[in-house]
Amino acid sequence: MDFEAIQEKWLPIWDDLAPFRSGRPDDTRPKKYVLDMFPYPSGDLHMGHAEAYALGDVIARYWAHKGFNVMHPIGWDAFGLPAENAAIKRNESPAIWTYENIAIQKASMRRYACSFDWDRVLHTCDPEYYKWNQWFFLQMYNRGLAYRKDSAVNWCPSCQTVLANEQVVAGLCERCDAVVTKKKLNQWYFKITDYADRLLDDMSTLEGEWPEKVLQMQRNWIGRSTGGEIVFEIEGRNQPVTVYTTRPDTLFGATFFVVAADSELAAELAKGTPSEKEFNAYLEKIKGASDIERLGTERPKTGVFLNRYAINPANGERLPIWASDYVLADYGSGAVMACPAHDQRDLDFAKVYDLPVRVVVAHETDPATTGEATVADGIHVNSGPLDGLNKPEAISRMLEILESKNQGKAAKNYRLRDWLISRQRFWGTPIPIIHCEKCGEVPVAEDQLPVLLPDAKGLDLSPKGTSPLGAADTWVNVPCPKCAGPAKRDADTMDTFVDSSWYYLRYLNPKLETAAFDPQQAKEWAPVDQYVGGVTHAILHLLYSRFFTKVLFDMGLVNFTEPFTRLLNQGMVVMDGSAMSKSRGNLVKLSDELNAHGVDAVRLTMVFAGPPEDDVDWADVSPGGSKKFLGRAWRLAGDVTSPVGVDFNSGDLALRKATHRALNDAQLAVETYRFNVAVARTMELVNVTRKAIDNGCGPSDPAVREAAEAVAIMLSIVAPYTAEEMWERLGFQPTVALAPWPTVIPALLVEDEVEAIVQINGKIKERILVPSAISEDEFRELALTLPSVAKELSGKTPKAIIVRPPKLVNIVFG
RNA sequence: GCCCCUGUAGUCCAAUGGCAGAGACAAACGACUUAAAAUCGUUACAGUGUCGGUUCGAAUCCGACCAGGGGUACCA
């Protein structure tokens, strides 16, 4: 079997037949939307793509065989930094590099036999696409969900650019390994925190449909906690400060008060005090601290006493106020009540500065001497009205007391922060806002969209800390839409995660000019029935897309609140136990593997390697073995001598049973993501059929044809070229991709007789053939009258006899 | 530190609480061959990370521990 020739033979035929076009209006088949995460066009496809798309293809092709109108689109996540870097290096527009790579990847996907609907392709860098990013931005803006604020962002002093969190690896810039620092910039945000509760609570509908791991990661990321807000008066300040705590029950144990050193509150409190100088010096020190230092887990606590006091609302005590960097400025109110006996961080701090530790929850050990804060439940002491209560009782009692005095209330808090979408980069979606000295922020009118990117020619794209767009004078300087005075466009571009948050809807009608997507089509196709992609996107992309979908629901544009009904995370392809990389020298090139073994063998190897969510170690698998198997399957089709349409009913019963058992097991396996098992069933059927041909019913038996046809169809979800060849050899017209999955005949799944085991005290005594329909009484009787069993029984009365027809009888003696 | 996942033949992996083996890789031997490759056939290989518990019965359920992997990083 010459796979090169076979590949060349079928590609034009598939182009012609386009079996996976899903847009025909007269198509009455039920719809199914299968979506692979779209690739970033950096170079050609690699082994990771090969695995992901092989798995997505199994699912898409399977449902097509099962009679569904499957939509399986592909596109490119085409904005992003690598294009910009390539552009700088090659001194040309990022667009050229991007579209070149898209063409390369597209050709590889075609060769890889991906069952994509090539009529639905989209590229996020097309103005026709990013126009709608801008439109969504304006909708967000109008709904109060897009806003600007100053905040400290990751900054690489060497590259002179802002970095996303994902680009900071262990405190270092992923590109140049410089130590990343923080820089304060005015940035755009989407208010995802408004949706925190819904993002969390709606996950109950994804239970069992998404990997538990992903749901867990999202829950942790959102990080909802419950507790209370407590109002502290500050001596010498009119305004009180509210702090959030999960442990209002320990308020009587508070011995000091801490504000985030980098917060405005800290600066204000320090001002004019004897501590001001010391505070400023401290602030300088921690501002210079890199993430590396910050990441040190054993980092000792530091801080400055501000010579100010807060009043504990529970007992009127004066609490010294400290400023420290162990309190985060952007969580809660940037200030905490410190109860060292029952909070480890507070205890660590108290130990450094010799602050008092007061136990309010009784425990065998004393935190002050052990250095271990006691966080467990216990009886409250030294706490006035809370004495004698346990933790939950004390929490609600304290909240009642505070509430009655207007000094606090129950509250929730989230770890989730708003989504920073500004990027100081060229190759992205321009933010459709114009800044006017007189009118302030003015949104671009919807009918003026898209705000096109300027020509990159002549622009300096090299990173320098400000957006390259700002230097495009003719582009950036525009009259204010409101007052016609001089104004400037916002020069930042959007995070590319905006692009991918709604692309699944654009596929429904990627050429639509009047809207981002067609709500009617969305009703018919969306949400996505099956999403397939890497676990690397477990948090950000999936969370953002869920957020967008909820906003769209609130806008009345879609009638669902979750974008992806089922999610499959495939593992990575690794080599010798570790991720492939050039520097490690363990890179396996996909094109080499394809040239050596053929597309089908590589796809089969990916699918057969193990459960899809596990990593595939290319050192552990055998594309050569896959190729051999494909040859065996293919030869089967050539051996069949009975004609197309022969009546299978007269075929060899044993082989027919094997065929229907295999079909049944394989479909069950595919539907539960056990693709490797489905392949094993196919291999089993091939082996059985081979034996039937050579040493059994012979090649002319109709059951052999039935089996070979089943193999072709089962194989076509994994190895489309081989399956197509088999289908042709079996006398059919192309394409096997549209052949219906054979209907499993239930009667052929039933065995007349099965081997049962008889146990005595759980140990196997006998194996007997019994009718599979045997009744419990008959089965028990049969087992008990076996000579060897009867011998054991003589004179003794069993304590219990467990009968599980038709598989097992267990006779238990005391 | 906290949270999650996974531990089954030499290797990758299967087994609704019911005979540990479906499938494959690698190995050994054999057939074919002048020989090799390819192909075909045969064989061998573990008692399921450890300890305890539940059960008539545990790879499977529960608990502790060990090992590997992943997520997260002072979130009050």
Side-chain angles (χ1 to χ4, degrees), chain A residues 211-221 223-225 227 230 243-248 250 258 260 291 294-299 301 324-328 330-339 342-346 348-349 413-417 535-536 538-539 571-572 577 604-605 608-611 613-626 628-629 631-632 635 661-662 665 669 674 676-687 690-691 694-695 755-764 766-767 798-804 807-814:
Chain A
E212 188 49 44
K213 182 181 168 184
V214 173
L215 296 176
Q216 194 64 38
M217 281 162 74
Q218 294 222 349
R219 278 191 203 102
N220 292 341
W221 189 263
R224 180 163 69 192
S225 71
I230 303 179
V243 305
Y244 173 77
T245 178
T246 54
R247 295 296 303 275
T250 63
V258 190
D291 273 11
R294 222 165 306 194
L295 281 172
T297 46
E298 298 299 305
R299 203 165 65 99
K301 298 268 184 290
S324 173
D325 65 348
Y326 89 85
V327 171
L328 303 177
D330 61 350
Y331 183 78
S333 54
V336 301
M337 63 174 232
C339 177
H342 307 296
D343 182 287
Q344 191 60 48
R345 297 151 302 183
D346 295 342
D348 294 342
F349 191 82
N413 221 333
Y414 306 87
R415 225 191 71 117
L416 180 70
R417 304 298 149 83
V535 73
T536 36
I539 301 175
M572 292 190 308
L604 178 65
T605 303
F608 184 56
E613 57 275 10
D614 287 6
D615 287 349
V616 176
D617 193 328
W618 204 247
D620 289 337
V621 295
S622 168
S626 299
K628 267 200 274 192
F629 162 70
R632 279 200 297 275
R635 283 193 293 277
R661 170 70 60 198
D665 289 358
R674 287 146 58 238
N676 55 326
V677 177
V679 171
R681 292 290 168 269
T682 312
M683 290 173 164
E684 209 178 353
L685 182 57
V686 168
N687 295 342
R690 182 81 263 155
K691 284 203 180 93
D694 293 344
N695 307 304
E755 191 182 63
I757 53 169
V758 181
Q759 298 179 324
I760 292 182
N761 286 332
K763 293 210 174 63
I764 295 161
E766 286 282 345
R767 297 159 194 277
K799 193 171 133 196
I801 302 174
I802 315 291
V803 185
R804 294 281 180 274
K807 300 184 80 174
L808 165 143
V809 174
N810 189 10
I811 300 157
V812 186
F813 294 105

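Residue numbers begin at 1 in each chain, while the letters A, B, ... track the order of the sequences. Predicted, not measured: the structure shown is a model, and the values here were computed from it.
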Provide the Watson-Crick or G-U wobble partner of [N], both distances under 3.5 Å; none if there is no partner.
| N | result |
| --- | --- |
| C61(B) | G53(B) |
| A14(B) | none |
| C40(B) | G30(B) |
| U48(B) | none |
| U6(B) | A67(B) |

Remember a base hit wins even if backbone is also touched, and classify [X] as base, sugar-phosphate or nothing at under 4.0 Å, heavy atoms.
| X | value |
| --- | --- |
| N687(A) | sugar-phosphate |
| Q759(A) | base |
| V327(A) | base |
| K301(A) | base |
| A800(A) | nothing |
| E755(A) | base |

From [atom1] of [X] over to [atom2] of [N], roughly how many Å is that when rounded to an integer?
| X | N | atom1 | atom2 | value |
| --- | --- | --- | --- | --- |
| L215(A) | C5(B) | CG | C1' | 14 Å |
| N810(A) | C56(B) | CG | P | 10 Å |
| Q344(A) | A76(B) | CD | C1' | 13 Å |
| D617(A) | C13(B) | CG | C1' | 13 Å |
| L604(A) | C25(B) | CG | C1' | 13 Å |
| F629(A) | A22(B) | CZ | C1' | 13 Å |
| N220(A) | A73(B) | CG | C1' | 12 Å |
| H342(A) | A76(B) | NE2 | C1' | 14 Å |

Looking only at side-chain atoms of [X], point me to the closest of [options].
| X | options | answer |
| --- | --- | --- |
| M217(A) | A22(B), G71(B), A76(B) | G71(B) |
| F608(A) | A22(B), A76(B), A24(B) | A24(B) |
| T246(A) | U72(B), A76(B), C25(B) | A76(B) |
| K628(A) | C25(B), U72(B), A22(B) | C25(B) |
| V812(A) | G18(B), C56(B), A76(B) | C56(B) |
| L808(A) | U72(B), G18(B), U39(B) | G18(B) |
| R674(A) | U39(B), A15(B), C3(B) | A15(B) |
| D614(A) | C13(B), G18(B), U72(B) | C13(B) |
| Y331(A) | A24(B), A76(B), G18(B) | A76(B) |

Please measure how far the [atom1] atom in [N] lies from the corresponding atom in [M], and state the result in whole Å.
| N | M | atom1 | result |
| --- | --- | --- | --- |
| A28(B) | C65(B) | C1' | 40 Å |
| G41(B) | C5(B) | C1' | 42 Å |
| A44(B) | C32(B) | C1' | 24 Å |
| G52(B) | A58(B) | P | 14 Å |
| C3(B) | A59(B) | C1' | 26 Å |
| G70(B) | G17(B) | C1' | 30 Å |
| U11(B) | A26(B) | C1' | 7 Å |
| G47(B) | G7(B) | C1' | 15 Å |

Closest-nucleotide 5' rank along RNA chain B - winner of G332(A) and I764(A):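 In this pair, the answer is I764(A).
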
If you assign each of G610(A) and R690(A) to its closest nucleotide in RNA chain B, which residue comes earlier from the 5' end? G610(A)

State, to 0.1 Å, how close V327(A) and V258(A) come at their nearest heavy-atom pair, and which atoms those are. CG2-CG1, 3.6 Å

Regarding C12(B), can its base be found pairing with the side chain of D620(A) as donor and acceptor, where the two atoms are less than 3.5 Å apart? no

Hey, what do you get for [atom1] ([X]) to [atom2] ([Y]), rounding to the nearest 0.5 Å?
| X | Y | atom1 | atom2 | value |
| --- | --- | --- | --- | --- |
| R219(A) | R415(A) | CZ | CZ | 15.0 Å |
| Y326(A) | L328(A) | OH | CG | 11.0 Å |
| K799(A) | F813(A) | NZ | CZ | 12.0 Å |
| T536(A) | I539(A) | OG1 | CD1 | 11.0 Å |

Short side-chain to backbone donor-acceptor contact, D615(A) and M572(A), under 3.5 Å: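 Flag set: sc D615(A) to bb M572(A) pair under 3.5 Å.
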
Main-chain N/O of S225(A) paired with N413(A) side-chain donor or acceptor, under 3.5 Å: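 Pair absent, no side-chain N/O of N413(A) close to backbone of S225(A).
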
Give a yes/no on whether any side-chain N or O of [X] is located under 4.0 angstrom from OP1 or OP2 of [N].
| X | N | answer |
| --- | --- | --- |
| R632(A) | C40(B) | yes |
| R635(A) | U39(B) | no |
| Y326(A) | A76(B) | no |
| K213(A) | G71(B) | no |
| N676(A) | A22(B) | no |
| S225(A) | A76(B) | yes |

Could you give me the CA-CA distance, side-chain angles and deciding distance for R632(A) and N687(A), then say whether side-chain contact (heavy atoms from CB on, under 4.5 Å) is met? CA-CA 9 Å; R632(A) 279 200 297 275; N687(A) 295 342; 4.3 Å; yes

D343(A)/R247(A) ion pair, N-O < 4.0 Å: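 A salt bridge is absent here (no side-chain N lies under 4.0 Å from a carboxylate O).
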
Quick one: classify the glycosidic conformation of G47(B) as syn or anti, with syn meaning within 90° of 0.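 Chi for G47(B) falls in the syn range.
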
